[in-house]
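To keep things clear, I will list the structure first and then write my remarks on it.
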Amino acid sequence: MTDAPLTDAPMTLRRQLAGDALVVAPGIYDALSALIATQAGFGSLYLSGASIAYTRFGVPDIGLIGMSEVAETLTAICDRVPTPVIVDGDTGFGNALNVIRTVRTFERCGAQAVQLEDQAMPKRCGHLAGKTLVPTAEMAGKVKAAVDARKSEDFLIIARTDAIAVEGYEAALDRAELYLEAGADVLFVEAPRDRVEMDGIVARFGRRIPLLANMVEGGKTPLHDAAELQEIGYKIAIFPGGTVRALSRLLAEYYGSLRQHGGTGPFLERMNMFDALNGIIGTPGYLARGRDYDGSNFGGGA
Ligand SMILES: C[C@](O)(C(=O)O)[C@H](CC(=O)O)C(=O)O
């Protein structure tokens with residue numbers, strides 16, 4: 001665990017994708033989760049729209065969160081960790097012109113990739129029923145707008161189709177084909193329902209473009225670990241919601257215990273105590289830096 005601000009520049013997501021290993025990006029929702037995931041050794045992170053909706057606003061993943069709210073969260077994360085962040089751009093928050101603003105904003109905030117999906121509003125989590133889509137040509141135009149809007153080639157455009165549940169499997173692959181032609185750097189075919197469908201996605205696209213697999217605990221796609229996803233032929237695996245699924249259980253247990261016992265004693269062994277949490281946050285390093293500039297105010301030590 002580090003107590004110094006994390007400053008080393010890790011390998012860009014684009015370079016990671018050029019390597020042999022599967023890129024595993026755990027879900028994050030704020031700078032603390034980004035810090036802890038980075039300290040756990042992950043080389044890329046997935047800023048999940050669902051997780052921002054759940055943690056910050058306590059609302060479902062149905063398109064209620066705005067672009068500025070995601071941008072603010074992303075900025076706090078990219079200011080704190082150097083780890084490449086893939087940001088969930090939902091539908092791009094509107095039409096192709098909104099996509100241009102979204103891409104420019106998220107790139108400026110420090111993300112290395114944005115994920116854009118072909119749902120119509122009201123959008124919803126890809127593993128919920130009742131999704132609707134924008135026309136294929138409209139989404140292809142949004143992908144092209146995103147590609148044209150980025151400043152750096154190291155900012156990747158991840159095109160997602162939610163069509164399997166709406167138009168069927170073959171139609172979803174045909175949509176993905178057009179998003180590839182529109183210039184996407186990565187394809188994300190959301191919610192394949194079994195291994196056969198996953199294999200079919202890889203068979204059609206795996207040699208031409210990196211593919212992203214989305215592991216949602218309790219969702220429509222069977223869960224696989226990183227080794228299995230690599231063997232299937234995926235190039236990136238995101239585990240977007242697992243963080244908050246684990247956290248929500250922990251919080252319920254913690255609050256239940258505090259309520260029951262009137263104190264935190266029975267829960268202490270499951271906590272990071274004062275010094276441990278300050279170690280994660282990097283408090284001693286910050287204070288030492290303060291002393292470098294201002295010994296009178298920061299002289300007290302960590
Ligand atoms: C990837 C996703 O868009 C997200 O917001 O993290 C969600 C995941 C989830 O709801 O757990 C999705 O639509 O799959």
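Atoms within a ligand are numbered from 1 in the order they appear, just like the ligands themselves. A quick note: this is a predicted structure, and the numbers were derived from the prediction, not measured.
- Contacts between R245 and ligand 1, counted as non-hydrogen atom pairs separated by less than 4.0 Å, involve the side chain only.
- The protein heavy-atom contact nearest to atom 6 (O) of ligand 1 is S48 OG, 2.6 Å.
- In terms of protein heavy-atom proximity, atom 13 (O) of ligand 1 is closest to G126 N, 2.7 Å.
- The shortest N or O to N or O distance between R124 and ligand 1 is not under 3.5 Å.
- Taking each of A191, G241, C125 in turn, the one with a heavy atom nearest to atom 9 (C) of ligand 1 proves to be C125.
- Nearest protein heavy-atom contact of atom 3 (O) of ligand 1 is R160 NH1, 3.0 Å.
- Neither the backbone nor the side chain of E117 comes within 4.0 Å of ligand 1, counting heavy atoms alone.
- The pair D162-K123 fails the salt-bridge criterion, with no side-chain N (NZ, NE, NH1 or NH2) lying under 4.0 Å from an Asp/Glu carboxylate O.
- The protein atom (non-hydrogen) at minimum distance from atom 1 (C) of ligand 1 is Y46 OH, 3.4 Å.
- With a 4.0 Å cut-off on non-hydrogen atoms, N214 touches ligand 1 through its side chain and not its backbone.
- Looking at E107 and R150, no side-chain N of the basic residue comes within less than 4.0 Å of a carboxylate O on the acidic one, giving no salt bridge.
- Nearest protein neighbour of atom 8 (C) of ligand 1, counting heavy atoms only, is P240 CG, 3.8 Å.
- Counting heavy atoms under 4.0 Å from ligand 1, residue K131 does not touch it at all.
- At least one heavy atom of E190 sits under 4.0 Å from some atom of ligand 1.
- Between E170 and R175, none of the side-chain N atoms (NZ, or NE/NH1/NH2) sits under 4.0 Å from a carboxylate O, so this pair counts as no salt bridge.
- The residues R14 and D185 are annotated as salt-bridged, a charged nitrogen and a carboxylate oxygen being separated by less than 4.0 angstrom.
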